[in-house]
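Computation of the quantities below employed the complete heavy-atom set of this structure, encompassing side-chain atoms and omitting hydrogens, waters and symmetry-equivalent molecules. Since we're looking at a predicted model, the values are computed, not measured.
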Amino acid sequence: MQPIAMNGDQAIAYAWKQVNPDVVAAYPITPQTIIVEAFSEYVADGLVDTEFVCAESEHSAMSLCIGAAAGGARTCTATASAGLAFMWEMLYIAASMRLPIIMAVANRALSGPINIHCDHSDTMGARDSGWIQIYGENAQEAYDNSIMAFKIGEHLDLRLPVMTNFDGFITSHSLENLSLLQDDDVKKFVGEFKAIRPLLDYRNPVTYGPFDPPDFYFEHKYQQVEAMSRAMPIIKKVADEYAKLSGRFYDIVEPYRTEDADFVAIAVGSTAGTLRSVVDELRAEGKKVGSLKLRVFRPFPDKEIIEALEGKKAVAVLDRAISFGATGPIFPEVRSALFDASERPKVVNYIYGLGGRDVSIEELKSVYNGLMTGRCDRVNYLGVRI
Amino acid sequence: MASDKPVIVGNATGCLEVSTTVYPYTAWAVPWIHSAFENAAATITGVESAYRALVRKGVIKDEIRFIAFGGDGGTYDIGFQSLSGAIERGHRFVYVCLNNEAYMNTGIQRSGATWKGASTTTCPAGACIPGKKEFPKDLTKIIIAHELPYAAQASPHNWKDMMEKAAKAFEANGPAFINVVAPCPRGWRFDSSQTIQIARLAVETCIWPLYEYENGTWRLTGDSKRIAEGKKEKRPITDWLKSQGRFRHLLTEKWKHVADEIQAEVDRKWEQLKKYCEE
């Protein structure tokens, strides 16, 4: 197909159109809204035969998705920020019922004060809910991740819900030239949805969501642990298959010029792309720097991080969110992973870009300068007026 | 018995859910789902949406009915938004509120369905305050204001009336709602052998009239119809208050005025309902 200009939201709606899910239930929230608007047009024009439900809240949207997925339907939704927070309770339930619901999240700051722009406090806060989390860097990745997510979440060894995250406005609203797959290729790639013990199979009744006393609850949680532990190879396998189809390969973590680098910065989302150009500029100056894109955050890729960063002199973890009273949320996880490295680099934290604060090339250079000169604190705040 | 079609059941968190599904057992011989306290309507209509989609795609050919159960806490209060939204969207499902007028699964705390003067653990009758200060919201009328195809109030003492209403609810071409008075021996403080008698008393005192709303028409049923027609006595509210420990304090001289207010409110609403049903 010829490249076509779309923003990240439109790209996701287009991916869903090609998948033609059974049920989409959603509530509009900036900057996700374009997804449900675009998808509702596909519904209105009969381009999909999805049951599209405009719920009265995100809480009900996720509740509907749970009912629909338990019913036996291929189901997806989209949200952002406060909407994701409003779904919080239901996120855990979707995961515990092992329902492969696919959800696009246009990352956006949480209130308060209210702010509609990008940061990762929404999905980082949902990290413990039992969902797989994949972060896309641009609209192309938002599209590609959306297609792969169905195949990952619905894998019979997994059956877990998947969040496909991308940066609000930066990715959701910026136009890009996209390479799209053919409809038939997408349908063939994701395959027919195979419902497991669906409620609608009334001849074989099942009970979903019973009261689970202390003598079983822990085991059920452990089953989620086991399922999550199977995710990483499946995500890799799906990425391999997708690469064969599309020519685009996405790894769990994506190192850039790290082989001989001494100093590496890590980021998720759109900043990972900016980091690469910063690396190129600094490399042109002869600096031994590299970057690492963290694409999959749940499950957390300890092994891949050690492989990429063992023996480096210093590493900066860029967090677009804060855990108040602690640090950024990715920082301690990277640090913890590297604790098991044979040669442990120094690891520092840079918190940046909250509430859509722009991050410039110069600022990202200052991160590397901090690493190279050692003139940085354990936790640093990039671009804030202190 | 109210439907010959297969049913799929949704349940809010509450006594019914906890007492029937203690893992690894289940009392349900039909497909059943509970996801949370506040979303029985959204969850079951999610299943119904899956059904619509799969019927459209030709995967499912059978007719299936959908029903959700919630207590008054999960219906009048925390689940109200999801119920209202589901009805507004016109999903075809039956919602049954088992109304025992308080949060009974977590103890005996007030809800939006708790009657004025009732003593609960969060609105206890004390030296200064005689139990709950407010009248309950009239949820059945609020639901009817959505102008859905079918809504009704029922009581377990008149099972035939309840069954007929359930049958109509299942066959309504859209959302249907049945609010059922559900006396709670523990929370209302009476001997459990009196449960059906208490339910009957609720209807006989007109604190819980039996009626239905069917495609725009209001109709009294059962004892309430007979009371309106003068064929049966309308009993004083003191009979109701005397029957339960939660109202015991209202029988003292100090709080008699509260009992009088309850009687006045029951009378006002009863006259109002009779007018709706005449039109």
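Taking 4.5 Å as the limit, some side-chain heavy atom of Met97(A) sits within range of a side-chain heavy atom of Ser35(B). Under the 4.5 Å side-chain criterion, counting only non-hydrogen atoms from C-beta, Thr26(B) is not in contact with Pro210(A). Put simply, the side chain of Pro205(A) does not reach to within 4.5 Å of the side chain of Trp28(B), judged on heavy atoms.
Rounded to the nearest 0.5 Å, atoms CD (Glu51(A)) and OG1 (Thr45(B)) are 10.5 Å apart.
The contact between Ala55(A) and chain B is made by backbone and side chain atoms together, counting heavy-atom distances below 4.5 Å. Within the 4.5 angstrom heavy-atom criterion, atoms from both the backbone and the side chain of Tyr202(A) approach chain B. Neither the backbone nor the side chain of Asn11(B) comes within contact range of chain A; no heavy atoms are under 4.5 Å apart. No part of Pro198(A) comes within reach of chain B, as not one of its non-hydrogen atoms sits under 4.5 angstrom from that chain. Only the side chain of Ile93(A) has a heavy atom closer than 4.5 Å to any heavy atom of chain B. Using a 4.5 Å cut-off between heavy atoms, Ile60(B) contacts chain A through its side chain alone, with no backbone atom that close. There is no contact between Tyr25(B) and chain A, counting heavy-atom distances below 4.5 Å. If you measure heavy-atom distances from Arg203(A) to chain B, the contacts under 4.5 Å come from the side chain alone. If you measure heavy-atom distances from Thr75(A) to chain B, you find no contacts under 4.5 Å at all. Looking at Val22(B), both its backbone and its side chain come within 4.5 Å of chain A, counting heavy atoms on both sides. Only the side chain of Ala70(A) comes within contact range of chain B, judged by heavy atoms closer than 4.5 Å.
Of all heavy-atom pairs between Ala53(B) and Val23(A), the closest is CB-CG2, 4.2 Å. Of all the heavy atoms in Asp49(A) and Lys57(B), the pair that sits closest is OD1-CE, 3.0 Å. The two atoms that bring Val53(A) and Ser49(B) nearest to each other are CG2-OG, 3.5 Å, heavy atoms only. Of all heavy-atom pairs between Pro24(B) and Phe216(A), the closest is CD-CE1, 3.4 Å. For Asn39(B) against Met90(A), the heavy-atom pair with the smallest separation is ND2-CE, 2.8 Å. Smallest separation of non-hydrogen atoms from Leu199(A) and Ile8(B): O-CD1, 3.2 Å.
When the candidates Asp62(B), Ile44(B), Val30(B) are compared by the number of heavy-atom contacts under 4.5 Å with chain A, Asp62(B) comes out ahead.
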Side chain to side chain donor-acceptor pair (under 3.5 Å) assessment of Glu56(A) paired with Ser84(B): CA-CA 9 Å; Glu56(A) 85 293 343; Ser84(B) 175; over 6 Å; no
